[in-house]
Amino acid sequence: SIDLDPKSAHAWVGLGNFLGRVTERREEAEGAIRKAIELNPIFDGFWNDLGNLLAETPERAADAEAAYRKAIELDPEWAGYWNLLGDLLAKTQRVQESEAAYRKAIQLAPEDAWFWNDLGNLLAETPERAAEAEAAFRKAIELDPTYDDFWNCLGFLLAKTSDRTAEAEAAYRKAIELDPMWAGYWNNLGKLLAEEPERSEEAEAAYRKAIELDPKSDNSWNSLGILLAAVPDRAAEAETAYRKAIELDPKCAGYWSNLG
């Protein structure tokens with residue numbers, strides 16, 4: 001503990017990481033991690049811990065970047081630091097720099113499926129790079145076919161292309177097969193199925209499954225409302241769903257607009 005050995009950098013960083021779990025104590029957490037750095041400024045892991053803490057506060061993005069870059073300066077061969085830098089840069093819309101950081105991580109650790117998936121998510125934000133994004137997602141899946149969210153990311157990308165809905169559905173269903181308790185996958189499947197009027201019953205079943213798993217998902221309630229509103233004799237049910245979405249997130253203007 002700090003009381004026993006105030007000169008232990010690892011004790012200070014341990015305290016900082018512990019305090020960092022509580023939003024109200026992030027300032028104390030930062031102080032503790034900076035104390036660790038003061039005691040051992042050449043240990044890259046402490047700088048990375050500082051970056052992780054600061055990255056949780058959007059207005060501290062520049063400080064977080066500086067910490068990550070210091071960690072990289074101290075150990076430029078550690079792929080994880082590059083990937084975390086890529087995550088931070090992606091959040092601040094610095095797409096080219098983010099891509100470069102992700103690709104550096106992949107260069108250093110090409111067998112890490114997460115790095116490929118992160119690159120795919122970045123590329124997927126640019127429509128004309130959809131093919132590259134798909135290739136990155138499929139590489140992630142090749143490396144770890146048992147991780148559900150990789151399949152979900154692929155499905156979400158394919159769902160944007162009208163003539164690839166069957167492939168998107170297959171990807172969503174694979175994600176569900178791997179983790180049937182994750183409500184978001186059921187909601188995504190519902191949205192895809194809802195695009196085909198003849199499959200509205202399947203879409204409704206998917207939405208209701210999402211709500212069963214996560215009854216506090218305002219998005220799923222709203223999606224269900226949109227689906228039901230298209231059926232003339234189910235207007236009352238649609239209104240109930242919309243009102244539930246509003247109850248869960250009363251500040252969302254879109255929900256109020258849907259209610260009419």
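The first residue in the sequence is number 1, and the count goes up from there.
In the model, Tyr81 has a side-chain atom that pairs as donor or acceptor with a side-chain atom of Asp44 under 3.5 Å. Side-chain contact of Asp148 with Tyr185: a donor-acceptor pair under 3.5 Å is present, judged by distance alone. Side-chain contact check for Asp163 and Thr165: no donor-acceptor pair (N or O, by modelled atom type) lies under 3.5 Å.
The distance from atom CH2 of Trp186 to atom CG of Leu213, rounded to the nearest 0.5 Å, is 8.0 Å. The CG atom of Leu53 sits 8.0 Å away from the CG atom of Asn17 when rounded to the nearest 0.5 Å. A distance of 8.5 Å separates CD1 of Ile176 from CG of Asn188, quoted to the nearest 0.5 Å. To the nearest 0.5 angstrom, Leu178 atom CG is 8.0 Å from Trp151 atom CH2. Once rounded to the nearest 0.5 Å, the distance linking CG of Leu154 with CZ of Phe137 reads 7.5 Å. Interatomic distance, CD of Glu77 versus CH2 of Trp82, reported as 9.5 Å (0.5 Å rounding).
The two residues Leu108 and Pro76 make their nearest non-hydrogen contact at CD1-O, 3.6 Å. When every heavy atom of Asp49 is checked against every heavy atom of Ile33, the shortest pair comes out as O-CD1, 4.0 Å. Considering all non-hydrogen atoms of both residues, Ala36 and Ala9 come closest at CB-O, 3.3 Å. Nearest approach of Ala133 to Ala124, heavy atoms of both residues: CB-N, 3.6 Å. A pairwise comparison of heavy atoms in Gly155 and Ala168 identifies O-CB, 3.6 Å as the closest pair. Considering every non-hydrogen atom in both Ala203 and Gly190, the closest pair reads CB-O, 3.5 Å.
With sequence neighbours excluded, the residues forming a salt bridge (Lys or Arg N to Asp or Glu O under 4.0 Å) with Glu212 are Lys209, listed by chain and number.
Tracing side-chain contacts under 4.5 Å through hydrophobic residues (I, L, V, M, F, W, Y), one never reaches Trp182 starting from Leu157; they form parts of separate clusters. One hydrophobic cluster, built from ILVMFWY side chains closer than 4.5 Å, cannot hold both Trp78 and Leu50; they sit in different ones.
Trp47 places no side-chain N or O within donor-acceptor distance of the main-chain N or O of Ala66, the cut-off being under 3.5 Å. Judged by distance alone, the side chain of Ser8 and the main-chain N or O of Ala11 form a donor-acceptor pair under 3.5 Å.
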Do Gln107 and Lys104 pass the side-chain contact (heavy atoms from CB on, under 4.5 Å) test, and can you show the C-alpha distance, the side-chain angles, and the key distance before you say yes or no? CA-CA 5 Å; Gln107 176 191 332; Lys104 181 64 177 180; 3.7 Å; yes

Using side-chain contact (heavy atoms from CB on, under 4.5 Å), reason through Tyr147 and Trp114 one step at a time and then give a plain yes or no. CA-CA 10 Å; Tyr147 189 69; Trp114 277 95; 3.2 Å; yes

Kindly determine whether His10 and Phe46 satisfy side-chain contact (heavy atoms from CB on, under 4.5 Å), including the steps that lead there. CA-CA 9 Å; His10 285 282; Phe46 295 164; 3.8 Å; yes

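In this structure, the side chains of Phe156 and Tyr172 come closer than 4.5 Å at one or more pairs of heavy atoms. Looking at heavy atoms from C-beta onward, Arg94 lies in side-chain contact with Glu65 at the 4.5 angstrom threshold.
Surrounding NZ of Lys160 are more than 12 heavy atoms belonging to other residues, nucleotides or ligands, all under 6.0 Å away. The environment of CD in Glu128 is crowded: more than 12 heavy-atom neighbours from other residues, nucleotides or ligands sit within 6.0 Å. At most 12 heavy atoms of other shown residues, nucleotides or ligands fall within 6.0 angstrom of atom CD in Glu201.
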Would you be so kind as to tabulate the donor-acceptor pairs closer than 3.5 Å made by side chains of residues 218-234, with sequence neighbours excluded?
residue	atom	partner	partner atom	Å
Asp218	OD2	Tyr255	OH	2.5
Asn219	OD1	Lys191	NZ	3.4
Ser220	OG	Asn187	OD1	3.3
Ser220	OG	Ser217	OG	3.1
Trp221	NE1	Pro215	O	2.9
Asn222	OD1	Asn258	ND2	2.8
Ser223	OG	Asn219	O	2.9
Arg234	NE	Glu237	OE2	2.8
Arg234	NH1	Glu204	OE1	2.8
Arg234	NH2	Glu204	OE2	2.9
Arg234	NH2	Glu237	OE1	2.9

